2 protein chains.
Amino acid sequence: MALEHAILVSLLEKPGSGYELARRFERSIGYFWTATHQQIYRVLKRMENDGWVDVRDIPQQGRPDKKEYSVADLGRAALSSWLHDPIEPESVRHDLAVKIRGAAFDDPTALIREVERHRQAHRDRLAHYLAGEARDFTATEANTAGPQAPLDAERELQHVVLRGGIAYERMMIDWLDDVLATLARFGPCR
Amino acid sequence: MALEHAILVSLLEKPGSGYELARRFERSIGYFWTATHQQIYRVLKRMENDGWVDVRDIPQQGRPDKKEYSVADLGRAALSSWLHDPIEPESVRHDLAVKIRGAAFDDPTALIREVERHRQAHRDRLAHYLAGEARDFTATEANTAGPQAPLDAERELQHVVLRGGIAYERMMIDWLDDVLATLARFGPCR
DNA sequence: GCTTGCTATGCAACGAGTTGCATAGCAGGA
DNA sequence: TCCTGCTATGCAACTCGTTGCATAGCAAGC
């Protein structure tokens, strides 16, 4: 599993509390790795016990105290070791694909609204990604001439991952159009 | 969760034993829903207790007996109810994306081989899909003129799901090319 | 003769992920 | 004034998914 590694990456990009991590997992990191606050708190505690992260209590006014976590040397080493681990299959879970095949044994037209809803969700996410890309990755994109300084690696890699998200959403929208066209073809017969 | 629903769909397409289901989950259904034989046996037992499936003991010569499962009325109803359930978010888990962002805090060039390996895996799967499409969905594809008979719904829906898999693999291959180009850009600096 | 590999089913244990609930103070709106 | 919602952390119970192991007979190759 890689939740701890996702947390390490996120904390290396910027230290923060469990709560802040949970919010990041709803946004940037969460686009390709979901986690609830429960999982995060539990894993953070384990990582603290293992010496992967350091904690600092930060009192706040008008709000509960928070614990700011940052990556310790052991955590960095653990991440590095995981990064060099070659293994990694790919497991996919597409409820919608199951539903589409299942629609053959039910009324297929009942699925149209569902598919349209999903398509809209993907359109929304695409718009969100594109806005983020325009915001974060266009201003300094002019200096791409010549080899990059190592300092830009973090940004470049974040950008290429975001491009992956954009490509994924575009593919999904196109495919769902295809699905709708297919459903419409034999829908009226029933 | 939807493993039971994936099993129902698979059994409706063709009744079979737990072992056969496990093999299907390595092929057609498994392209968008993975499951090991352990999960399948466990869930099948529960579904049997709930009256979702019927079992028939089939003695075989030279091989252990098998239990052939088929969908019962209750199972059909459960599937139908699930199909009409509108909810369904989307959770994604992309280890590779985490690794790519994590590479900013390690040697990025170490990731190149890993990414190349993944790209090859996606190429292989794409080739496999395309072969399956050519085999199963070209011969009778000529009769697409006019409205389809309901009998063709199953095939049509299987085909559109397969097209989704093909689109996904193509997108991944393109994206991994992009990732490799990005890694190569600042790789030599280190 | 031995090992490997396939069909076929299953248990036990663990780890990961989900859901419901609890606490607790503050801010803002109906 | 009450209700909703946000920050912030956490427990307990449950389900889901993974891994290792076990049985057992047959077939094929070395």
Side-chain angles (χ1 to χ4, degrees), chain A residues 1-7 11 15-27 29-30 32-50 53 55-69 82 85 87-95 98, chain B residues 1-7 11 15-27 29-30 32-50 53 55-69 82 85 87-95 98:
Chain A
M1 80 78 79
L3 177 53
E4 30 234 305
H5 303 113
I7 289 176
L11 287 180
S17 70
Y19 189 84
E20 281 163 359
L21 281 171
R23 307 210 59 214
R24 285 185 220 172
F25 273 80
E26 283 168 15
R27 298 181 299 107
I29 303 276
F32 48 88
W33 199 277
T34 55
T36 62
H37 74 279
Q38 304 292 354
Q39 289 174 70
I40 291 167
Y41 283 125
R42 196 201 278 152
V43 172
L44 274 176
K45 193 153 281 182
R46 187 172 65 223
M47 291 167 81
E48 191 190 335
N49 288 335
D50 294 349
V53 291
V55 201
R56 208 162 49 104
D57 266 42
I58 298 188
Q60 296 184 116
Q61 45 184 3
R63 289 180 185 181
D65 295 358
K66 71 173 182 180
K67 299 182 179 179
E68 196 184 72
Y69 290 88
W82 176 70
D85 246 15
I87 47 149
E88 219 177 325
E90 279 239 11
S91 70
V92 189
R93 299 277 155 95
H94 277 298
D95 295 70
V98 177
Chain B
M1 77 84 78
L3 176 53
E4 30 234 303
H5 303 113
I7 288 176
L11 287 180
S17 69
Y19 189 84
E20 282 164 358
L21 281 171
R23 306 209 59 213
R24 286 185 220 169
F25 273 80
E26 283 168 14
R27 298 182 300 107
I29 303 275
F32 48 88
W33 199 277
T34 57
T36 62
H37 74 279
Q38 303 294 353
Q39 288 173 69
I40 291 167
Y41 283 126
R42 197 201 276 151
V43 171
L44 273 176
K45 193 151 280 180
R46 187 172 64 223
M47 290 166 82
E48 190 189 336
N49 288 335
D50 294 349
V53 290
V55 201
R56 210 162 49 101
D57 266 41
I58 299 187
Q60 298 183 119
Q61 46 184 2
R63 290 179 185 181
D65 295 359
K66 71 174 185 181
K67 300 183 178 178
E68 196 184 73
Y69 290 88
W82 176 69
D85 246 16
I87 48 149
E88 220 178 328
E90 280 240 11
S91 71
V92 189
R93 299 275 154 95
H94 277 298
D95 296 70
V98 177

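Because the structure is predicted, anything quoted here is derived from the model rather than measured.
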Short heteroatom pairs, N/O only, protein and nucleotides 19-22 of chain C, under 3.5 Å:
from   : atom 1 : to      : atom 2 : distance (Å)
C:dG20 : O6     : A:Gln38 : NE2    : 2.8

Separation of atom [atom1] in [X] from atom [atom2] in [N], rounded to whole Å:
X	N	atom1	atom2	answer
B:Lys67	C:dT7	NZ	C1'	15 Å
B:Ile40	D:dG17	CD1	P	11 Å
A:Tyr41	C:dG17	OH	P	18 Å
B:Asp65	C:dC6	CG	P	21 Å
B:Phe25	D:dT18	CZ	P	12 Å
A:Arg46	C:dG17	CZ	C1'	12 Å
A:Asp95	D:dC16	CG	P	13 Å
A:Leu21	D:dT9	CG	P	9 Å

- Message: Assuming nearest nucleotide by heavy-atom distance, tell me which of A:Trp33 and B:Ser17 is located more 5' along DNA chain C.
- Response: B:Ser17

Would you give the length of the straight line joining atom [atom1] of [X] to atom [atom2] of [Y], rounded to the nearest 0.5 angstrom?
X	Y	atom1	atom2	result
B:Asn49	B:Leu44	CG	CG	11.0 Å
A:Glu68	A:Glu20	CD	CD	7.0 Å
A:Lys45	A:Ile40	NZ	CD1	14.0 Å
A:Arg42	A:Arg46	CZ	CZ	8.5 Å

- Of A:Met47, A:Gln39, A:Arg24, which meets side chain to side chain contact (heavy atoms under 4.5 Å, CB included) against A:Ile7? A:Met47

Indicate whether OP1 or OP2 belonging to [N] is found under 4.0 Å from a side-chain N or O atom of [X].
X	N	answer
A:Arg93	D:dG17	yes
A:Lys66	D:dC6	no
B:Tyr19	C:dT9	no

- Please identify each residue that fulfils ring-ring contact (aromatic ring centres under 6.0 Å, His included) with B:Tyr41, with sequence neighbours left out. B:His37

- Message: Run B:Lys67 and B:Glu48 through salt bridge (Lys or Arg N to Asp or Glu O under 4.0 Å) and show every step you take.
- Response: CA-CA 11 Å; B:Lys67 300 183 178 178; B:Glu48 190 189 336; 5.3 Å; no

